[in-house]
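Worksheet: the structure to be examined is printed underneath.
Numbers restart at 1 for each chain; the letters A, B, ... are given by sequence-line order, proteins then strands.
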There are 2 protein chains.
Amino acid sequence: MVTIRDIAKRAGVSGSTASRALNNHPKISQKTRDKIKAIADEMGYLPNYNAKNLTNGVSNAIGVVFPPGEMSTASNPFYVDILMGINRELRPRNGVLSVAIANTMDELTANVAALISQGLIRYFVLLYSKKADPVIKLLREQKVDYVVIGDPNAEDECFVNNDNQLAGQKAGEYMLRKFNAKRTLFVESDPEQGFERKRRLGFQQAMTTAGIPSEVLKVSLKGQMKLDDAIAQFLMTRQTIDGIVTTDDRLGLMIYQLLWRQLDREVPLISFNRNRTNNLLMGPMVRFVELYPQTMGAAAVRVLVDPAKHSEMIPFTIER
Amino acid sequence: MVTIRDIAKRAGVSGSTASRALNNHPKISQKTRDKIKAIADEMGYLPNYNAKNLTNGVSNAIGVVFPPGEMSTASNPFYVDILMGINRELRPRNGVLSVAIANTMDELTANVAALISQGLIRYFVLLYSKKADPVIKLLREQKVDYVVIGDPNAEDECFVNNDNQLAGQKAGEYMLRKFNAKRTLFVESDPEQGFERKRRLGFQQAMTTAGIPSEVLKVSLKGQMKLDDAIAQFLMTRQTIDGIVTTDDRLGLMIYQLLWRQLDREVPLISFNRNRTNNLLMGPMVRFVELYPQTMGAAAVRVLVDPAKHSEMIPFTIER
DNA sequence: CTGTTAGCGCATTCAC
DNA sequence: GTGAATGCGCTAACAG
């Protein structure tokens, strides 16, 4: 391992000068700075972050908090994309990504607590949003910075989000305008999650504006019942349905096919949360509200690191 | 922050004694050990791992390496479960979980390199398995320990895996025995991934043993074509099919429904890689080969930490 | 069994 | 602008 002293020696300066040069300390002549940086490069110097963190009393890591297993939602694959985005923004800053993940809220909270005190982590990204969250309570007590991906729970909370209501509205309008669908069914799974409710509200608003009654089907993914049958039955009584907007593409795939089978014709569909690896759901009448999870992850890091940034809304698009 | 000296002072001993007591050093009297631990507890002491790591020259973190985005496979949601399992085993040891994730192999390799030299991480879990992997090359050069989840690429490589061939065979036998299916179709997506090929081999072996010809359909998830149609067409020419075994439950969902629609009857299906949040695919004739990803993650940590352990095979079950 | 000393790699006083 | 000295929190010799 090549230390800062190695390069100091090689440059004929003291350790402190080398340190200052590498950290762009203002009172170092441009000349020595360049020289030292060149040598460091040449020797393949990489700072030891354990030492760095020890002296600064903080960590270069950010903690990413997954939702507890007990509240695991439908958007699982989303997370990996967010991680990718976070790391894309983190790597150039030489940050590392640590995760907290557990089955229960208690374990999760303990995990975060450990990261804070053992590792001195000062920045966190929450991959979920929940009111009265014990993790957030802890974070605030410890005065560490955090950003939630999703709806903020308090005024002063940093967040990265989509405009879900607008997205719902645009999806509805798209149905009307491009597919001329007059009886679109909105399918949601768990509207307690704020984002689903907002999408529905936006959708309903679009329908109201167009003077069209809107129909909503709630499919709880939690009950282990025979969804196929239940939904098929429901659809049977709604033969006039000529469009679907759904908040989850797995739900979408299912209903899409059920409806196709029943009506013997294809019905246009718009789905959120596209699963990139899931190109099973497609066709000329299928669209996705693309939310750009990687972009969201990257934005989270920016909001976290830049004290001036309080939040970022990530634009969406509707595409095939 | 309460340091080891604080508790030493309070206990009337020296720093090193306190350190030794807390680390269960053998040559500390049971009495002082208990006393010091009690005090530490009472004061809410938590070790500073940056300091610890600095002196030991190693990290308490393990690095989890995701497959590069460019080779992202179908098993995405699996990963989150594995993380959960890893952390379950890691937390009691006060370990932290860091991740390396990137879009390209180059970025990923750089990420891992940084974790090694900057963070001094000495243990890695690879969430994928690939021949001639540059990350593995790096890991071996740097002499850090790692374990792959999946097929090992070399004799001396530590791994955690399922017996995929046996699983394929059992799935085939299950079809024959429980569903009396004589013309089961095996659906695979990307057999270059070793595990898919093994499952197929096992399946074919079961069929051969039973004296039944086996049929295999390969559905590449990579081509952005209209799979629906292609598969429907294929199925049209195979009206005698009376069972399906598939390596991916999204594929399974699709084919299941397509076939149902075409034949107007339900066909038994066995799928791998169950997506826990995906209880859309079910019914009296649906089974899953449950691979227990959480258990796999936990096993990976054990293999990594225990020098005597070289590998672990995680048993599977076939269930509804 | 326990205390003293030294040092991990780095950043930061304080002098010059 | 630069160097020498100090300490972050902890562990590992080396005494005793």
Side-chain angles (χ1 to χ4, degrees), chain A residues 1-37 39-40 43-61 94-96 114-122, chain B residues 1-37 39-40 43-61 94-96 114-122:
Chain A
M1 169 187 295
V2 33
T3 80
I4 211 169
R5 284 177 196 267
D6 296 331
I7 92 160
K9 204 165 294 174
R10 190 106 128 56
V13 298
S14 79
S16 32
T17 302
S19 168
R20 286 191 266 249
L22 294 171
N23 290 296
N24 295 316
H25 190 97
K27 312 200 175 204
I28 289 282
S29 75
Q30 192 61 41
K31 229 159 94 179
T32 48
R33 183 181 323 200
D34 291 344
K35 178 173 148 201
I36 289 178
K37 282 193 175 173
I39 294 183
M43 299 181 71
Y45 167 76
L46 284 172
N48 178 329
Y49 273 87
N50 284 313
K52 248 187 141 117
N53 296 342
L54 180 58
T55 57
N56 310 344
V58 300
S59 165
N60 64 322
N94 285 312
V96 335
L115 286 181
I116 295 175
S117 20
Q118 301 181 346
L120 307 174
I121 296 187
R122 268 197 345 193
Chain B
M1 170 186 292
V2 32
T3 80
I4 211 168
R5 284 177 196 266
D6 295 331
I7 93 159
K9 202 166 296 173
R10 189 107 130 56
V13 299
S14 79
S16 35
T17 302
S19 169
R20 287 191 268 246
L22 293 171
N23 291 297
N24 295 316
H25 190 98
K27 312 200 175 201
I28 289 279
S29 77
Q30 192 62 41
K31 228 159 94 180
T32 48
R33 184 181 321 201
D34 290 345
K35 178 173 148 202
I36 289 178
K37 280 192 175 174
I39 294 184
M43 300 181 71
Y45 168 76
L46 284 171
N48 179 328
Y49 273 87
N50 284 312
K52 246 184 145 132
N53 296 341
L54 180 59
T55 57
N56 304 346
V58 300
S59 166
N60 65 321
N94 285 312
V96 334
L115 287 182
I116 294 175
S117 21
Q118 302 181 345
L120 307 174
I121 296 187
R122 266 198 346 195

Next on the checklist: Short of 4.0 Å, heavy atom to strand atom, which residues of residues 2-12 of chain B count as contacting DNA chain D?
Outcome noted: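 Listed by number, they are B:T3, B:I4, B:R5.
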Item to check | Partners passing salt bridge (Lys or Arg N to Asp or Glu O under 4.0 Å) against B:R5 (at least two apart in sequence or in another chain) | outcome: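 Scan of B:R5 (salt bridge (Lys or Arg N to Asp or Glu O under 4.0 Å), adjacent residues dropped) gives none.
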Checklist entry - Listed in order of residue number, which residues of residues 45-54 of chain A have a non-hydrogen atom at under 4.0 Å from DNA chain C? => result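 The answer is A:Y45, A:P47, A:N48, A:A51, A:K52.
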Item to check | DNA chain C contacts among residues 16-32 of chain A, heavy-atom distance under 4.0 Å | outcome: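 Contacting residues: A:S16, A:S19, A:R20, A:N23.
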Partners meeting side chain to side chain contact (heavy atoms under 4.5 Å, CB included) with [X] (sequence neighbours left out):
X	value
A:V2	A:D6, A:I7, A:M43, A:Y45
B:N56	B:V58
A:S29	A:K31, A:T32
A:S14	A:S16, A:T17

Checklist entry - Between the two ends of the helix from C:dC1-D:dG16 to C:dC16-D:dG1, what is the bend in degrees, rounded to 10 degrees, where each end axis spans five pairs? => result 40°
Item to check | Interface limits on DNA chain C, where chain A has a heavy atom under 4.0 Å of a nucleotide atom | outcome: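 So the contact region on DNA chain C extends C:dG9 to C:dT13.
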Checklist entry - Given the rule in the side chain to side chain contact (heavy atoms under 4.5 Å, CB included) test, do A:V96 and A:N60 qualify, once you have shown the distances and angles that lead to the verdict? => result CA-CA 6 Å; A:V96 335; A:N60 64 322; 3.6 Å; yes
Checklist outcome for this item: Here the salt bridge (charged side-chain N to carboxylate O under 4.0 Å, His left out) pairs for residues 9-26 of chain B, sequence neighbours left out, are B:R10-B:E42
Item to check | Residue pair A:R33 / A:N24, side-chain heavy-atom distance below 4.5 Å | outcome: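 Contact flag for A:R33/A:N24 side chains = yes.
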Checklist entry - Would you call A:K37 and A:L22 a side-chain contact if the rule is heavy atoms closer than 4.5 Å? => result yes
Item to check | Segment of DNA chain D, first to last nucleotide, that comes within the 4.0 Å heavy-atom reach of chain A | outcome: D:dG1 to D:dG9
